[in-house]
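Basis for what follows: all heavy atoms, side chains included, without hydrogens, waters or symmetry-related copies. Order of the sequence lines fixes the chain letters, A, B, ..., with proteins taken first and strands second; residue numbering starts at 1 for each chain.
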Protein chains: 2
Amino acid sequence: MAKAQPSAAALDTVDRRILSELADNPELTNKALATRLGLAESTCAYRVRALRDNGVIVGRRLDVDASSLGYPLQALIKVRLGSHSKEHVERLYDDLAATPGVIQAFHVAGADDFYLHVAVEDAEALRDFVLHHVTVYRVVRQTETQLVFDRREGPGVLPRETR
Amino acid sequence: MAKAQPSAAALDTVDRRILSELADNPELTNKALATRLGLAESTCAYRVRALRDNGVIVGRRLDVDASSLGYPLQALIKVRLGSHSKEHVERLYDDLAATPGVIQAFHVAGADDFYLHVAVEDAEALRDFVLHHVTVYRVVRQTETQLVFDRREGPGVLPRETR
DNA sequence: GGTGAAACCTAACACCG
DNA sequence: CGGTGTTAGGTTTCACC
């Protein structure tokens, strides 16, 4: 999570509309975006750039279908640690988050827990993943694996356009 | 999770390199991508389009910093249901996944559980979210909320370029 | 399937209201 | 600060290999 600048510049209505539109359709060209909002292209480009420079827009991510690549099975693996030094925990988190197959990793409050969202080939690969990439660490006290039937993107913090 | 066409077309080396490059840098222009791979621009554009048409590349997503928008607190909310009809569960899942503040929703195997990854203004808003948007449903038997200290993108199923 | 070049479209920047 | 015009650069198409 990027340490946010203390709430950066306040966003006006136009900024919010830009974000909404781009959230709905991230592939919009600047020209199309400007047209939708009734702005000049230059103005629109300027605002978008400013949003980037202020860290509001972090970037874009490629959305790849794991199934098509031969990893049709997804799981959420809860990793519970014993209590340990901050450095150890951070180090392990780094390693786990960088493990191939991991789509995303969460470090959550509580009993030093991580959640790993992974994609694998099949059930056997899932077992192997847990055994070879998670429980190999001494610090890991217990794991709990749940198959992911479905994952969905929510609206997030940008309510759908209300026009 | 998009129901994958039964493993679609097999991907060759070039396809994999395209995906790796775009995963590393989703903002690459087609021209730059072609140059990196040593392909003609037209060829490169053609392959990328094919990957899209085959559903391998689903699209791009805008990466917005929730903190900058005034939602600095993130949480993972585990929602456990009683046993219910498929329609009821699906309906509830739809509703929850579409609730403002929800970044992503998981439907996992087990005791009919959902996980909601949410972003909120502060602790009070988090409490209100759980009370007003989750536990209001009769079907919800119990919830468990954990603060998210950090979330990280993993490499996923596309191992970093090995060149 | 891959290529190169022309025609078309978009973005960047300096300038003007 | 928002709008316009020019130039540089990117994408698409198509005949050809």
Side-chain angles (χ1 to χ4, degrees), chain A residues 4-65 67-70 158 161-163, chain B residues 4-65 68-70 158-159 161-163:
Chain A
Q5 31 267 73
S7 214
L11 305 175
D12 63 13
T13 312
V14 178
D15 288 326
R16 297 196 172 270
R17 292 188 63 203
I18 288 175
L19 291 169
S20 287
E21 291 287 353
L22 284 182
D24 280 353
N25 185 357
E27 321 239 21
L28 275 182
T29 63
N30 179 64
K31 185 178 184 180
L33 179 59
T35 305
R36 287 198 188 201
L37 302 190
L39 290 177
E41 297 164 27
S42 60
T43 308
C44 187
Y46 175 83
R47 311 280 299 224
V48 172
R49 175 182 294 245
L51 286 171
R52 257 172 205 278
D53 292 346
N54 291 333
V56 179
I57 293 178
V58 178
R60 286 189 176 113
R61 288 201 309 272
L62 195 70
D63 198 358
V64 173
D65 177 39
S67 298
S68 301
L69 288 170
L158 292 169
E161 275 296 274
T162 53
R163 331 171 258 168
Chain B
Q5 31 266 76
S7 214
L11 305 176
D12 64 13
T13 312
V14 177
D15 289 326
R16 296 197 173 271
R17 292 186 63 202
I18 288 175
L19 291 170
S20 287
E21 291 287 354
L22 284 182
D24 280 353
N25 185 355
E27 319 241 20
L28 274 182
T29 63
N30 178 65
K31 187 177 185 180
L33 179 59
T35 305
R36 286 198 188 200
L37 301 189
L39 290 177
E41 297 159 30
S42 54
T43 308
C44 187
Y46 175 82
R47 308 281 299 223
V48 172
R49 175 183 296 252
L51 287 171
R52 256 171 206 279
D53 291 346
N54 292 334
V56 179
I57 294 177
V58 179
R60 288 178 166 124
R61 288 202 308 272
L62 195 70
D63 199 358
V64 173
D65 178 39
S68 301
L69 289 170
L158 293 168
E161 275 295 274
T162 54
R163 322 176 265 165

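- Remark: C1' of D:dG2 and CZ of A:Arg47 are 10 Å apart, rounded to the nearest angstrom.
- Per the geometry, CD belonging to B:Glu27 stands 20 Å off P belonging to D:dG9, to the nearest Å.
- With distances taken from any side-chain atom of A:Thr29 to the nucleotides D:dG2, C:dT10, D:dT12, the minimum falls on C:dT10.
- Salt-bridge formation is not detected for the pair A:Glu27/B:Arg61: no Lys NZ or Arg NE/NH1/NH2 atom is positioned less than 4.0 Å from an Asp or Glu carboxylate oxygen.
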Exercise for the section: Go through the steps for B:Arg36 and B:Asn25 under the test side-chain contact (heavy atoms from CB on, under 4.5 Å), then give the verdict. Expected result: CA-CA 12 Å; B:Arg36 286 198 188 200; B:Asn25 185 355; 4.3 Å; yes
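- If you check distances only, the side chain of B:Ser42 does reach the base of C:dG4 with a donor-acceptor pair under 3.5 Å.
- Of the candidates A:Val56, A:Leu33, A:Leu28, A:Leu33 is the only one forming a side-chain contact (heavy atoms from CB on, under 4.5 Å) with A:Ile18.
- Between the P atom of C:dG1 and the CG atom of B:Leu51 lies a distance of 13 Å, rounded to the nearest Å.
- For B:Asn30, the side-chain atoms get nearest to D:dT12 when compared with the rest of C:dG2, D:dT12, D:dG3.
- Under 4.0 Å is where a charged nitrogen must lie from a carboxylate oxygen, and between B:Arg47 and B:Asp12 at least one such pair does.
- Considering only side-chain N and O atoms, A:Arg49 lies nowhere under 4.0 angstrom from the phosphate OP1 or OP2 of C:dA11.
- Atom CG of A:Leu28 and atom C1' of C:dC9 are 16 Å apart (whole Å).
- Using a 4.0 Å cut-off, no side-chain N or O of A:Tyr46 falls inside it from OP1 or OP2 of D:dG2.
- For A:Asp15 and D:dC1, the CG to P distance is 11 Å, given to the nearest whole Å.
- A:Glu41 has its CD atom 21 Å from the P atom of D:dC1, to the nearest Å.
- Straight-line distance from the NZ atom of A:Lys31 to the C1' atom of D:dG9: 16 Å, rounded to whole Å.
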